[in-house]
Amino acid sequence: MKRFAKRLLGFWLTAVVALSVAGCSATGGDGSKTDEGKIVNVGVTDSLGGINPFVVDQTEINKYAVELMFLPLMELDRDLNFQGMLADSITTEDNINFIVHIDEAATWSDGTPVTADDVEYTVRRLASPVVNNTTLMLHAFEGTGDEGFVEEGAESMAGLKVIDDKTIQFTTKYPMALSTFENTYARYLHIMPKHVIEQFSEEELLTADWFNHPDVVSGPFIVTEYDNDHYISYRANTDYWKGAPKIDKLNIRIVDASQIYAGLKSGEIDITHHTMTAIPQEDYESIEGLENVDVVYGQPITNQSVFIQTANIPDVRVRQALVYAIDRQQLVEELLKGHGEVIDGFLSSASPFFDDGITPMAYDPDKAKALLEEAGWDGTQTLRFYVNSGDNTFVNGAQVLVAQWEAVGIKVEVQTVDLATLMTLAGSMDYDFFAVQYTYAPVDPYPDVQWLLSGEGSWTSYLSDEINEALEGTQQTSDTEEITKLYSTIDQKVQEDVPMFSAYVLSVQGAVSKRLTGAEPSAYGFFNDVQNWDIAE
């Protein structure tokens with residue numbers, strides 16, 4: 001099976017940008033109501049890459065900026081159930097052929113029905129080598145090459161078959177779990193109106209100005225203007241087929257993390273998102289004290305993962321000692337104020353496949369010392385540990401870890417670098433270990449796990465036949481109990497060999513203005529029913 005490529009969406013990446021809301025149209029001051037109607041401001045700390053679905057990568061802010069206009073086939077709700085967006089059902093009998101049925105009521109804003117032809121045309125154009133978008137990993141489908149492309153100008157794709165106006169079949173090259181198809185593809189394929197975009201050549205799909213201000217959409221809002229570093233402004237699509245939005249304008253404000261508290265207090269920000277908004281830990285108590293907002297802590301899904309370059313630290317005993325030497329529960333209690341958990345492996349308690357029978361490696365400095373002695377560790381080597389400088393909480397936490405490692409005889413030098421530099425380093429082997437916040441989809445961690453543990457070229461250089469066999473098994477069954485056993489096998493093997501470890505998993509804070517109804521901070525399902533958001537009079 002061809003391995004999955006890395007999807008950047010997995011990260012909760014903290015972008016630090018300048019606070020600038022002056023360019024954001026129709027802000028509404030206190031975020032409630034102006035002569036331009038009801039306005040809601042969403043505060044985020046991630047910067048925008050773009051709104052053209054053929055060009056943007058799959059980071060969360062890009063996904064949702066597009067999704068407000070062009071619905072995907074499916075989305076997860078806040079309880080991690082798949083909810084139909086354009087599709088009302090996706091089924092498979094063999095984990096190879098996936099039948100997607102489009103909601104009979106789905107229409108474009110100009111009144112044209114959304115059809116299977118729209119889906120086929122969109123996916124085929126996304127697979128164009130001219131468009132050259134590799135982030136969707138379309139190599140999984142019949143008719144594409146190893147990079148996920150069809151031939152330039154292709155008029156068909158073997159992995160797509162239109163059955164009738166509202167039904168299309170996707171065919172994969174190898175077995176794929178229904179949850180993987182739904183999470184990895186149905187959530188990320190933003191369907192475009194064929195009757196509009198077929199006027200553009202494949203080259204023009206990348207450059208046409210229409211994508212900057214589309215006038216035909218399937219979603220609840222239509223973009224009016226945007227600035228990649230500061231804001232995205234939308235007006236309501238009053239012809240939205242699921243019901244006209246109750247609010248007239250929606251602004252996504254891109255601000256510095258340090259400005260979230262002030263924005264919530266003043267009313268300039270109405271709501272935050274659990275993964276697009278990095279609220280500093282030091283502001284949690286202050287936000288909890290605000291009388292004008294409700295605070296909502298999310299499920300533990302954002303993992304402070306530490307990836308070990310096993311080619312540079314080949315002795316498993318040394319890798320195990322790194323974990324035994326640190327008090328991870330202390331980090332949760334002191335750094336996170338108890339809003340998190342300690343796990344081993346990839347799956348947190350938020351996942352339906354979580355095995356609570358796996359006991360995390362305990363803080364045991366004596367055992368760490370014994371393992372190091374057994375490994376012949378002489379304490380003269382200095383390990384290089386890279387940390388994201390934008391993650392203030394873990395920058396502080398890393399110093400605690402360094403002290404605990406030093407106490408058992410492991411010298412570690414922390415180097416804080418910006419996220420772009422960290423990701424460049426991650427693509428090399430020029431590190432001993434590094435930390436980054438990573439959100440493994442609780443319902444489908446398969447693509448991330450497969451890539452991260454895929455041997456040479458991965459962030460760990462670690463490969464295990466036992467893990468690969470278990471991963472393959474997760475794609476060949478829909479039985480929750482069986483999938484849980486397979487992921488348990490993976491997490492136990494990761495605990496044993498330590499190619500990575502979790503410093504902690506965060507239950508991040510979100511906040512929502514008490515004026516705003518029908519909305520709640522969440523990692524998933526945030527915008528699913530945004531048409532029902534309203535401002536209390």
Side-chain angles (χ1 to χ4, degrees), residues 15-72 108-110 190 192-193 196-197 199-200 204-240 244-256 259-260 263 266-273 276-277 513 516 519 526-527 530-531 533 535:
V16 179
V17 296
L19 174 65
S20 175
V21 297
C24 186
S25 65
T27 59
D30 67 356
S32 55
K33 189 173 182 180
T34 72
D35 56 2
E36 295 181 82
K38 297 177 180 179
I39 299 169
V40 169
N41 297 310
V42 181
V44 305
T45 54
D46 287 348
S47 56
L48 178 69
I51 61 170
N52 182 336
F54 288 101
V55 176
V56 299
D57 63 32
Q58 302 303 308
T59 49
E60 291 203 1
I61 189 170
N62 294 339
K63 169 183 165 59
Y64 293 123
V66 170
E67 191 164 307
L68 284 164
M69 298 183 291
F70 301 105
L71 297 180
W108 299 104
S109 55
D110 64 359
H190 296 99
M192 306 295 291
V196 175
I197 67 169
Q199 67 179 297
F200 302 122
E204 290 171 331
L205 292 175
L206 304 176
T207 60
D209 191 53
W210 183 86
F211 294 100
N212 294 322
H213 47 77
D215 55 358
V216 178
V217 300
S218 63
F221 286 91
I222 301 174
V223 73
T224 54
E225 57 180 323
Y226 67 95
D227 178 309
N228 283 8
D229 290 329
H230 301 120
Y231 65 89
I232 321 166
S233 295
Y234 301 85
R235 64 175 174 84
N237 170 19
T238 56
D239 296 309
Y240 184 40
K246 292 181 171 66
I247 60 175
D248 302 285
K249 294 180 183 295
L250 178 74
N251 298 313
I252 296 178
R253 289 185 166 185
I254 303 168
V255 302
D256 187 277
Q259 299 295 324
I260 294 295
S266 68
E268 291 289 331
I269 293 173
D270 294 300
I271 190 169
T272 64
H273 184 269
M276 288 192 292
T277 315
S513 169
L516 185 57
F526 187 74
F527 287 122
V530 66
Q531 73 276 9
W533 291 13
I535 296 293

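For the single chain, residues carry numbers from 1 onward in sequence order.
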- Shortest non-hydrogen contact from T238 toward A244: O-CB, 3.5 Å
- Task: State whether the side chain of Y234 and the backbone N or O of A65 hold a donor-acceptor pair below 3.5 Å, judged by distance alone.
- Result: yes
- Please round to the nearest 0.5 Å and tell me the distance separating atom NE2 of H190 and atom CG of N62. 10.0 Å
- Quick one: closest heavy-atom pair of L68 and P220, and the distance? O-CD, 3.0 Å
- Message: Is there a side-chain contact between F211 and L206 in this structure, where contact means two heavy atoms from C-beta onward sitting under 4.5 Å apart?
- Response: no
- Ignoring hydrogens and geometry, is there a side-chain-to-backbone donor-acceptor pair from D270 to N41 under 3.5 Å? yes
- When rounded to the nearest 0.5 angstrom, what distance separates CE in M276 from CD1 in I61? 6.0 Å
- Note on the structure: CG (N237) and CD (Q531) are apart, to the nearest 0.5 Å, by 10.5 Å
- Query: With a 6.0 Å cut-off on ring centres, are F526 and Y64 close enough?
  - Reply: no
- Message: If you apply the rule side chain to side chain contact (heavy atoms under 4.5 Å, CB included), what do you find for I232 with F221, and how did you get there?
- Response: CA-CA 11 Å; I232 321 166; F221 286 91; over 6 Å; no
- Note on the structure: Minimal heavy-atom distance between M69 and V223, with the atoms involved, is SD-N, 3.5 Å
- Query: Taking all non-hydrogen atoms of both residues, which atom of S47 and which atom of D229 are closest, and how far apart?
  - Reply: CB-OD1, 3.8 Å
- Query: Just one of V44, V42, D227, N228 clears the side chain to side chain contact (heavy atoms under 4.5 Å, CB included) bar with I254, so which one?
  - Reply: V44
- Message: I'd like to know if the side chain of T224 reaches the main chain of R235, judged simply by a donor and an acceptor atom lying under 3.5 Å from each other, with no hydrogens or angles considered.
- Response: no
- Message: The test is side chain to side chain contact (heavy atoms under 4.5 Å, CB included); show your working for T207 and F200 and say whether it passes.
- Response: CA-CA 10 Å; T207 60; F200 302 122; over 6 Å; no
- Just by modelled atom types, is the K38 backbone N or O under 3.5 Å from a matching donor or acceptor in the D248 side chain? yes
- Has the side chain of R253 got a donor or acceptor atom that lies under 3.5 Å from a matching backbone atom of E268? yes
- Pair I222-D215, side chain to side chain contact (heavy atoms under 4.5 Å, CB included): steps then yes or no: CA-CA 7 Å; I222 301 174; D215 55 358; over 6 Å; no
- Considering all heavy atoms, the nearest F70-P193 contact: CE2-CD, 3.9 Å
- Message: Restricting to non-hydrogen atoms, name the atom on V66 and the atom on P53 that form the minimum distance, rounded to 0.1 Å.
- Response: CG1-CB, 3.8 Å
- Message: Looking at N52 and F54, would you say the former's side chain and the latter's main chain have a donor-acceptor pair under 3.5 Å?
- Response: yes
- Validation row: E60, H273 side chains within 4.5 angstrom (heavy atoms): yes
- Item | Heavy-atom side-chain contact between E67 and P72 under 4.5 Å | yes
- Message: Y226 vs I252, test: side chain to side chain contact (heavy atoms under 4.5 Å, CB included). Steps then yes/no.
- Response: CA-CA 9 Å; Y226 67 95; I252 296 178; over 6 Å; no
- Inter-residue atom distance D256.CG - T45.OG1, 0.5 Å rounding: 8.5 Å
- Query: Heavy atoms, side chains only, cut-off 4.5 Å: are V196 and W108 in contact?
  - Reply: no
- Query: Does the side chain of L516 reach to within under 4.5 Å of the side chain of I535, using non-hydrogen atoms?
  - Reply: yes
